[in-house]
Amino acid sequence: MATFPLPKATTPAELLGAAGFVAGLRLGELASLLGIPVPPDLRRAKGFVGSLLERALGASASSRAVPDFPELGVELKTLPVDASGHCLESTFVCTAEARDLEIVEWERSRLWTKLRCVLWVPVEGTRAVPVEQRRVGAPFLWQPDQTEQALLRADWELLVSLLARGKFDSLSGHLGRHLQLRPKAAKGSSRRAALDEDGARVLVNPKGFYLRARFTEALLRRHLLGS
DNA sequence: TATTGATCATAT
DNA sequence: ATATGATCAATA
């Protein structure tokens, strides 16, 4: 049995190997190895699973706007799945701010920067299963191929275009085939300054980019098929 | 019951 | 305030 946190990986492959070492463990076992208490449910600890895996794999703990493993250029994402291994939730990627609209280039966007290389770690997320009993699944590295990148880019350009033009009334979670824009804030009443379609100052609720569950479901299936 | 909109904790 | 980590829960 190795000690935790695991040694710092020097390559994405090593990181994948480290994540593979954790696969199969129950969250309670992993938390115990790290000396971290497990919450009874995730209602008041929504980021528990993600933070637990970050600590186990030695991610540089911070809230900076950079990948979890800066030296490797790898982003770590946990993926809640049901007993059959199907995705239960969408995946938050990053916030969409007015000032980011200056960056209209896909290649330099925060979204693409985060999704270039992702280490996905499936974790049982069925609410009826106690958090400590949930198991960590087999991890896999994902670098979007040309097709996937084109699909995401198309959605991103549609959504950013509406944001940039201040079409806030037209925005909703219904837009985007694989990527969507949804509220991302502490409270539904949270507001931030923006410019509407007439250039007038308005207050709007903060939003973030999310990958739809059916998109991550497809990644998971492709991985399981071994391609 | 799948999905959209709302929300929670913590660090900086 | 806004970034990180997401899941909860009301609605369609």
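The chains referred to below are lettered A, B, ... by the order of the sequence lines, with proteins before strands, and numbering in each begins at 1.
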Have a look at Ser172(A) and say if it touches a base, only the backbone sugar-phosphate, or nothing, with a 4.0 Å heavy-atom cut-off. sugar-phosphate
Side chain of Asp68(A) - closest among dA9(C), dG5(C), dA6(C): dG5(C)
Counting distance only, does the side-chain N/O of Thr11(A) pair as donor-acceptor with the main-chain N or O of Glu14(A) below 3.5 Å? yes
For the residue pair Gly176(A) and Leu158(A), what are the closest heavy atoms and their distance? N-CD2, 4.4 Å
Would you mind classifying the nucleic acid contact of Pro80(A) as base, sugar-phosphate or nothing, using non-hydrogen atoms under 4.0 angstrom? sugar-phosphate
With heavy atoms under 4.0 Å as the rule, sort Lys207(A) into base, sugar-phosphate or nothing. nothing
Between Thr78(A) and dA6(C), is there a contact of a side-chain N or O with OP1 or OP2 at under 4.0 Å? yes
Return the value, rounded to whole Å, for the distance between atom CD of Gln180(A) and atom P of dA2(B). 15 Å
Check whether any side-chain N or O of Arg214(A) sits under 4.0 Å from OP1 or OP2 of dA2(B), and answer yes or no. no
What's the NZ-P distance between Lys46(A) and dA11(B), to the nearest Å? 18 Å
Expressed as a whole number of angstroms, how long is the span from Leu76(A):CG to dT4(C):P? 14 Å
Once you round it to whole Å, what is the distance between C1' of dT7(C) and CG of Leu27(A)? 14 Å
For DNA chain B, whose closest nucleotide is more 5', that of Ala213(A) or that of Lys184(A)? Ala213(A)
No-H, no-angle donor-acceptor pair, Arg212(A) side chain to dA2(B) base, under 3.5 Å: no
Interatomic distance where NZ belongs to Lys187(A) and P belongs to dT7(B) [whole Å]: 6 Å
With sugar-phosphate meaning primed atoms plus P, OP1 and OP2, does Gly173(A) contact a base, only sugar-phosphate, or nothing at under 4.0 Å between heavy atoms? sugar-phosphate
Rounded off to whole Å, could you give me the NE2-to-P distance for the His86(A) and dT1(B) pair? 15 Å
Using a strict cut-off of less than 4.0 Å between a Lys/Arg side-chain nitrogen and an Asp/Glu carboxylate oxygen, indicate whether Arg214(A) and Glu217(A) qualify as a salt bridge. no
Can a salt bridge be assigned to the pair Arg222(A) and Asp145(A) using a cut-off of 4.0 Å between side-chain N and carboxylate O? yes
Can a side chain N or O of Lys77(A) be found less than 4.0 Å away from OP1 or OP2 on dA6(C)? yes
Please determine whether a side-chain nitrogen or oxygen atom of Arg182(A) lies at a distance below 4.0 Å from atom OP1 or OP2 of dA6(B). no
Output the rounded distance in Å from CZ (Arg43(A)) to C1' (dG5(C)). 19 Å
Compare all side-chain heavy atoms of Asn205(A) with those of Ser190(A) and state whether any distance is below 4.5 angstrom. no
Between Arg191(A) and Ala185(A), which is nearer to the 5' end of DNA chain C once each is assigned its nearest nucleotide? Arg191(A)
How long is the line joining CD of Glu89(A) and P of dG5(B), in whole Å? 14 Å
Side chain to side chain contact (heavy atoms under 4.5 Å, CB included) with Leu220(A): which of Phe215(A), Trp142(A), Phe140(A)? Phe140(A)
N/O (side chain, Arg192(A)) to phosphate O (OP1/OP2, dT2(C)) under 4.0 Å: yes
